[in-house]
There are 2 protein chains.
Amino acid sequence: MTEIQHTIGSVSRESGVHIETIRYYERIGLIPRQQRNNSGRRIYDPQDRQRLSFIRRCRELGFSLDDIRSLLDLAGSNDRTCQEIKDLTEAHLASVRSRLSDLKRMEASLKALSQSCEGGGSPDCPILARLFV
Amino acid sequence: MTEIQHTIGSVSRESGVHIETIRYYERIGLIPRQQRNNSGRRIYDPQDRQRLSFIRRCRELGFSLDDIRSLLDLAGSNDRTCQEIKDLTEAHLASVRSRLSDLKRMEASLKALSQSCEGGGSPDCPILARLFV
DNA sequence: CTTGATCCTGTAGCGGCTACAGCATGTATA
DNA sequence: TATACATGCTGTAGCCGCTACAGGATCAAG
C-alpha cells in the first residue's frame, strides 16, 4: 500500500545531478514540473531519474542545455530520424574541436612564455616583456 | 598647442578591446578611472593603450581577469620577482592543460558516439541508446 | 544647419549553475 | 513523546566576462 516516494534527494544521488541543479532544470523547463506529494515535495519516478541521468551524461560531453533540449525533443518524437541526432552530435563535436584548437594554441604560447623565463629573484621578467608590446 | 585627445574609440581600435569592454574594465577597477575632458569624455594616453593591449594578450592566453589583475600588480611593483610571474604563468598553464584533457575526453566520446550511428532515416538511434542508460 | 558618428550612464541579459536566507516538514533516537 | 537533525521548500542574489540595449549628449564634416 505504501509506495516509496522518490524525493529530490534520492533522485539526485541516483542521477548524479545536484538538488539545486534539478530545481534549476525544472525552473527553465528542461524537465517537466514535478508532481508533489501532500506536503508539497516533489516526487519522481524512474523515467525522471533516467532523464536526469541522460542530461548529466550530455553535460559531461559538453552539450549545452539548449542542445540537450533538442536531443530530448528528438528522443521523444515519433518521426525523428537518426540523421538529426547525428547532425547535432557532429555539430557539437566540431565546436569541441574548435575549442580544443584554441586551447592548444594557448598551451603552446604559455609553454613558450614559461620556458623563456628562468624564474628566480630577478626583477626583469621575459614573460612580462613579451606581453607588454 | 592643440594636443590630440585619444578617445575610447581610438584606444579601442588600437588595443583591440571593445569599447564596452574597456568601460567594463574601468568599472571593475582593472584599469584606473580615466581622466575626462571638459565634456565628460574619457581621455587616454599611450600607457593606457599599452595596458589594454597587455590585457587583451593575456585574455587571448586564457588568463582570468583576476590573474590579469595580479599580473598588472606584479608588473607595477618594484620588488616583484621573476619567479612570481613564472608561477602564475605555470599555474595557468596547468589549468589550460586540465581543460585540454577534459575536452580531449569529450572529443573521443563524441567521435565514438558519432561513428556508432550511420545516420539516415532510421528512428532507432545508437547515439540515444548509448546516452539513455 | 543638419546629419551621422561617437560618446555618456545605467541597467539587464547571457549560460549554467551555486549559495544563501528563512522557513516547513520528515525521520531517528533517547 | 520530545527532541534533534536531515531534508525539503521558495525566492533571490551572485559568479565570470562580457554584450546589448535605452535614452540621451556632444562632436566633426558637408
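A note on names: the letters A, B, ... follow the listed sequences, proteins ahead of strands, and every chain is numbered from 1.
- C:dG13 atom P lies 16 Å from atom CD1 of A:I28, rounded to whole Å.
- In this structure, B:Q35 places its CD atom 14 Å from P of C:dC8, rounding to the nearest Å.
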Item to complete: Quick one, give me the B/S/- string for nucleotides 7-26 of chain D, reading 5' to 3', where B means a protein heavy atom under 4.0 Å from the base and S means that only happens at the primed atoms, P, OP1 or OP2.
Response: BSBB------BBB-----BB
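- Rounded to the nearest 0.5 angstrom, A:H92 NE2 and A:C58 SG are separated by 9.0 Å.
- Placement of B:I43 and B:L52 in two distinct hydrophobic clusters is found when ILVMFWY residues are connected by side-chain heavy-atom separations under 4.5 Å, directly or transitively.
- B:R51 contributes no side-chain N or O that, together with a main-chain N or O of B:I31, makes up a donor-acceptor pair within less than 3.5 Å.
- Note on A:L72 and A:V17: same hydrophobic cluster, where clusters join Ile, Leu, Val, Met, Phe, Trp and Tyr whose side-chain heavy atoms are under 4.5 Å apart, directly or indirectly.
- Under the 4.5 Å side-chain criterion, counting only non-hydrogen atoms from C-beta, A:Q35 is not in contact with A:R42.
- Put simply, CD1 on A:I68 is 13 Å from P on C:dG15, counting in whole angstrom units.
- The separation between A:R56 atom CZ and C:dC17 atom P is 12 Å, rounded to whole Å.
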Practice prompt. Please test B:Y25 against B:L65 for side-chain contact (heavy atoms from CB on, under 4.5 Å), starting from the C-alpha separation and ending with a verdict.
Written response: CA-CA 9 Å; B:Y25 288 165; B:L65 296 187; 3.9 Å; yes
